[in-house]
Amino acid sequence: MTSASSLGGVAQAGAGPDNGPAHEFFVPAPHEPAGSAPAPAFGPVILEAEGLVRRFFGVTVLDGVSLSLAAGEVRALLGENGAGKSTMINLLSGVHQPDGGQLRLDGSPVRFARPLDADHAGISVIRQELSLFPDLSVAEAIFAGHLPLNRFGLVDWPRMRRAASAALSQLAPDIDINAPVASLSIARQQMVEIARALTRKARVVIMDEPTASLSPNEVAHLGRIIADLSREGVAVLYVSHRLDEIRAFCQTYTVLRDGKAVAGGRVADTDIPALIRAMAGREIAAAQKAPPAPVADQGTGEPLLQIRHLASPQGLRGGQRVKDVSFALRQGEILGLAGIVGAGRTETARMIFGLDPVGQGEIRLFGQPVRFASPAAAIAAGIGYVPEDRKGLSLLPGRSVHENFALTGAVPARFGRNDRRAEARLLAGFWQKLGIRAASPGAAITTLSGGNQQKVILARWIALKPKLLIIDEPTRGIDVGAKEDVHALIREIAASGVAVLLISSDLPEVMSLSHRIITLREGVTSSDQPAAGITAEALMTHMTRHA
Amino acid sequence: AEPKGKDAEVTILVSPLTFAFPHFVFLTDELKAEAEALGGVTINVADGQLSAPKQIADIEAAIVQGVDGIILAPVEADALAPVVQQAIDAGITVVTIDRPVNGVPDVLANVSADNFKGAEAQGEAVVRAFPDGATIVNLQGIPGDKTANDRSGGAHKVLDAAGGKYVFVAEQAGNFSRDKGLEVTENILTGLAEVPQVIIAGNDDMALGAAQAVEARGLAGKVAIYGYDGSEEALKAVKSGTLAATVDQFPGLQGRTAVKTLVDYVREGTRPASSEVLVAPVAITADTLDQAERVGLIGE
Amino acid sequence: MSATTPPDRARLFALLGRLAPLIFLLALVIIFASLQPRFLMPLNLFNILRQVSIYGIIAVGMTFVILIRGIDLSVGALVAMSGLCAAVIARGGIEGRLVLSADGSGFSWQLAALAAILAGSAAGLLQGMAVAWLSVPAFVVTLGGMTVFRGLALSIGNGGPISGFDEAFGWWGRGMIGPVPVPVLIFAAVAAIAWVVLTQTRFGRAVYAVGSNPEAARLSGINVSGVTIAVYGLIGFCSGLGGFVLASRLNSAEAVAGTGYELTAIAAVVIGGTSLQGGTGGVGGTVIGALLTGVLLNGLVILNVSPYTQQVLVGLIIVAAVAFDHFIKRQSR
Amino acid sequence: MSATTPPDRARLFALLGRLAPLIFLLALVIIFASLQPRFLMPLNLFNILRQVSIYGIIAVGMTFVILIRGIDLSVGALVAMSGLCAAVIARGGIEGRLVLSADGSGFSWQLAALAAILAGSAAGLLQGMAVAWLSVPAFVVTLGGMTVFRGLALSIGNGGPISGFDEAFGWWGRGMIGPVPVPVLIFAAVAAIAWVVLTQTRFGRAVYAVGSNPEAARLSGINVSGVTIAVYGLIGFCSGLGGFVLASRLNSAEAVAGTGYELTAIAAVVIGGTSLQGGTGGVGGTVIGALLTGVLLNGLVILNVSPYTQQVLVGLIIVAAVAFDHFIKRQSR
Ligand SMILES: Nc1ncnc2c1ncn2[C@@H]1O[C@H](COP(=O)(O)OP(=O)(O)OP(=O)(O)O)[C@@H](O)[C@H]1O
Ligand SMILES: Nc1ncnc2c1ncn2[C@@H]1O[C@H](COP(=O)(O)OP(=O)(O)OP(=O)(O)O)[C@@H](O)[C@H]1O
Ligand SMILES: [Mg+2]
Ligand SMILES: [Mg+2]
């Protein structure tokens, strides 16, 4: 089945119950924009950008971009990594000010000097980089800056809690609104972020890659929410690298390339290959078709990694997240690890890598039982781990791309001194292979676009030449073109004998990359089978359906 | 309070300004020695740390403990008055050393060598050595500290009175510390067009620091340096001519007198002849070395 | 679904985490009391309360500052400066240098208090602006402020103390209401108000938000600069009030007053469980922290521990207290 | 491809950002020189260098600490304590309380120096362990350490100074090589080594990583606790060395020595452009920062500014220096 239909149907799922029977997720997509029952006769234009220009270090990042958002319109903003999408959003929401062009609100020119101004204008944003309050409770984080007051002018806690649960009820009813945000997974934080934007009763909702780490049924919920917004006459600007979502959720689109708007129109009048061509300005091998390379020693000999009945310790918050996980991973094999948010994938990876304590169960590496006390030990044993939380666990803010790349010490020091030249050479290789877009290896990592940061982090770990590489959400926030580069790279290292444990919420990715796929459901391995001939429906059943 | 009777056990809290000044370390040691000699006297010490609230807190604690007597060098004459009164009301005998508290008549005795008077002695020594005037550098202690102000003030009083021939070419804070004294002197010496004839310092530490700066500039002997406190090192320096003089406030004598006066009263109820036991500070020069209290320590 | 929290249990541990400083305080009290029964005399307990009240007031202000990831090293100097301002007003001028009142007599305590509080608040606001607008780290701004305000204090009193105020003035530092010293009541009032502000008002919650993630706070429409400036103004206010009470207590104000208060106040806040990373903690803990330091200093003197040893013990016990707090908190994860 | 930066231009801005402290320093020098030509006398310049060298050595260590988001308030106390350790060894004991050498004579300067450095390093390592293993904030650990080590220093010297060492001992603080004072050379050497370590070695890179994002550093296999402990051991080493040089310079060691060095050192580091958030900055800036403070203190005395006014000016200028640095850096964004 094609990835298009697999997610195109997602919008439909909106109609069905939260975790209804699996087949509901996979009704092929109707080819008109989803969610808008009556054909899109948009209301008046609310927000309008005309010829916006933005420069950094005098480099033009946005070059005269115009777009408009009408009531009830759901517009996709597309483009490769570094095309300027987030920057555009920063201009629309007062984070940065344009160096040229102008914004119009309800037809009259406006200037957003601070995010507060945009907020007052009824524009609310879901940021690409999570911007929540780790120490605050989920409920307060949702209302931060707009806490409800009681008649004494004091904070109305009960009302706030009620509203918070209501806001999360659709998306993630299981989140404890009193838990500190820091205790939530990236995916859950993303849902809180979404809930926060929705409680603002905004007229314009901007979403910058809201689904980057969501799995299909959360995406489905989001699809329904967007449909409701549009029906209520809210204008939505939607950024995503998952083109099937675009087709499912959006009615109109604008494509950015190198800071210029190069294409736009009605989603219904175009198709995915056309969109890809517009973004890349060149032909891209159609997504996710290449078959996985054969595994070196399929089935024979001792597996490189063997997990038996792995369980995390009983925690206080959120209880025990991993209950019984078993699987084997061979040299040169790519093992897909699928599951819905909260299934226990990240925690499994963290335990293997020595980041979290192991409860019960055993981990065998090359047949030897191991339990790593620290990541250092795991790395020494030849394991690498690309975490899903890029900002929190990967980036060194304020340091250069080069130093971020060299962090793991892939290149040994010579006479105690860092061998910068060799490091640079190595980096240059990845730079070219992954098509990293940045000023120079000396540029601060934080000035790179989200996707390009992800590429640098991947390079950091691959350069280390691990025997086992765990990758959590490898293409989070990476554009279609680059996604192909990354996939090719993953296949390549697997072919070179590296065992890859691939955690991804992007089912087509899992299916096209993996040799074997296991699914987790609430911390338990619910299936383990070869990828060949497996269907997304089957996977979804194992991920969700209660046995 | 009723006399406790001969050789009754006596507990005393001693609260000097701070143990950061050797002056008070020596005073306390001598005081303890005397108490040892008297016998049956327990000495508790608390560090005033140059902070009135700290000292008040210590005394309040002592009242709670129910000590028989308190010997203190008040950090601040007015601030300590209320708590001293409180102690006396609680039946505790109080003797002040080094300086009095304001407006508490019932203090048994004030055994003090007034810093201001001592500084006057320092100034007079300068006048004697330089009858027809001098250019003077003044190294003051911690800015705002009472001791620093008194010592700078006393010297000023004498030298300003002696007429315009005594010129203060530089006045800087050396914070009573040797490194700052050295550093500041180095800088002053470069700042001045011609070498000053005199350096007066608020304590011996700064004076000794200044002496090093002077020596480093190859000016040894060309600048007369006046210290204050009569510390062992300073006396050695006076003897060797590195310092022109230092001022001795006889801290040991103060300590011994204070404890003796207090114990006598607590045990036998005998009051001192006068409640003002003034120890006259003396400027010690090379030829009056033998008058110094700690001259014994420097040997021949 | 399974992955949810058993709230009651989690809350229990969270509670235990919050109580850690209190437990440590009680332990300390028990030890001192058993070694020296007089420690528990009401007189002594009130002494301790009076002794902590002044830097306690400042520590309450410091709680706000630390909650927004800030720090204020200038409070000690501010206490001295504002105390001298109050003194100058109360004396109606400065001997031989400045005469404010026609007949050379002093002004009422109200005016004196006002002067102290205004001086403190103004100084605080200025520092807040430097932090918020010049984006100079608070550590540097207030380190500078520390020397600047000491300098000013010195020039006001020309180095010397200004002493001798009327009864009404003195009441605020030395007076009693029943058995309770006035400064203690002031401290209690300040702490209570601060508690309400922090837990029940938008401003209070904004303080937490800014401390937890300034960037996110800005993005969610919180006026970060405004909050910052307000918070530094607030600790300025507390320092001014503290300066007035101290001057009244000592019946004298001098430029060297309040030396080291900054560190005592910060210690109290951190011992109370407020994190220097900002975003977590509160006034309740700070009150405990202040009491803990007070008990410590008083107890060691009561036990006649030698001054040198005292310093060593104080240092060790403070570290121990915070270590204990963090240990408990870690357990409750 | 448009969306990249012309490296040259970006680098130019970055460079300007790094140079800001230097520019400010030069401006200050020019002002002082024009007000008082004698300021530029070689003699005075060497004085300044000698005066900054001791807390300069400590500031170099402090750079490492601040780079990992730490802070060390105990250095002043450590200088005093280690200085006294050196003094005790050099004198072969403590008058009337302790005799170490058979014939009551002192030991060589080598042993004395070793004692100071060992004492400092040990103290530093202990604090590092408290920070890394008890997860007590560095501010608290070193605040405690500050009083603990002062207390120990006081008990070693019994409050008084220990003075009078032999020539060889004195050379390290007062000696000259050509026109250059020995302490300056020590400072230079320490700074140079630190620069190499920070910019050229794995350890240096780990220091930056830990300061920039401890979580990421740990996840990438860096031993964060190890780095932390090492860094505090390192500043302990610097403090010990500083204590030895200071004792040698003053030909005397006392418990009150080094008071306030912690703030001077931190100021030097921050003025030099190292961020208290950790992860960015370096030793080069710290050297500039140390010189800047030295020039400031020297210049104001040379101009015979009154002590009170001096304090005000020092505070203001320090804040101005950092504000200027941040301003320039912001421009280059
Ligand atoms: N603060 C900044 N300083 C310098 N350059 C920046 C800054 N922010 C963005 N850029 C540059 O602007 C370009 C566009 O960045 P932007 O984040 O808008 O891309 P994007 O379309 O959101 O990419 P992605 O899909 O990876 O999120 C990138 O080349 C990036 O390097
Ligand atoms: N219900 C929950 N409440 C609070 N925190 C949760 C919950 N579920 C997961 N988390 C947090 O998220 C982290 C990752 O959780 P988990 O591994 O279950 O997610 P996952 O299976 O990796 O799916 P995803 O990565 O998409 O979140 C865990 O460390 C845990 O702290
Ligand atoms: Mg983006
Ligand atoms: Mg995950």
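Just so it is clear: chains get the letters A, B, ... in the order the sequence lines come, proteins before strands, and each one is counted from 1.
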- Task: Begin with the C-alpha distance, continue with both residues' side-chain angles, and end with the deciding distance and a verdict on salt bridge (charged side-chain N to carboxylate O under 4.0 Å, His left out) for A:R350 and D:E215.
- Result: CA-CA 13 Å; A:R350 289 175 61 91; D:E215 281 303 302; 5.7 Å; no

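- Of the two parts of A:A380, neither the backbone nor the side chain holds a non-hydrogen atom closer than 4.5 Å to a non-hydrogen atom of chain D.
- Ranked by non-hydrogen atom pairs under 4.5 Å with chain D, the options A:T408, A:L393, A:I379 are led by A:L393.
- Between A:R399 and D:T280 the shortest side-chain heavy-atom distance falls below 4.5 Å.
- For A:R460, the part sitting under 4.5 Å from any heavy atom of chain D is the side chain, from C-beta outward, and nothing else.
- Within a 6.0 Å sphere centred on CZ of A:R371, heavy atoms belonging to other residues, nucleotides or ligands number more than 12.
- In this structure, the separation between CD1 on A:I457 and OG on D:S220 is 8.0 Å, given to the nearest 0.5 Å.
- Between D:S212 and A:E403 the shortest side-chain heavy-atom distance does not fall below 4.5 Å.
- Only the backbone of A:P412 comes within contact range of chain D, with heavy atoms under 4.5 Å apart.
- Nearest heavy atom pair, residue A:A376 against residue D:G221, reads CB-O, 3.6 Å.
- Taking each heavy atom of D:L219 and A:W461 in turn, the nearest pair found is O-CH2, 3.5 Å.
- Closest approach of D:A216 and A:L395 over heavy atoms only: CB-O, 4.0 Å.
- Smallest separation of non-hydrogen atoms from A:P397 and D:N213: CD-CB, 4.1 Å.
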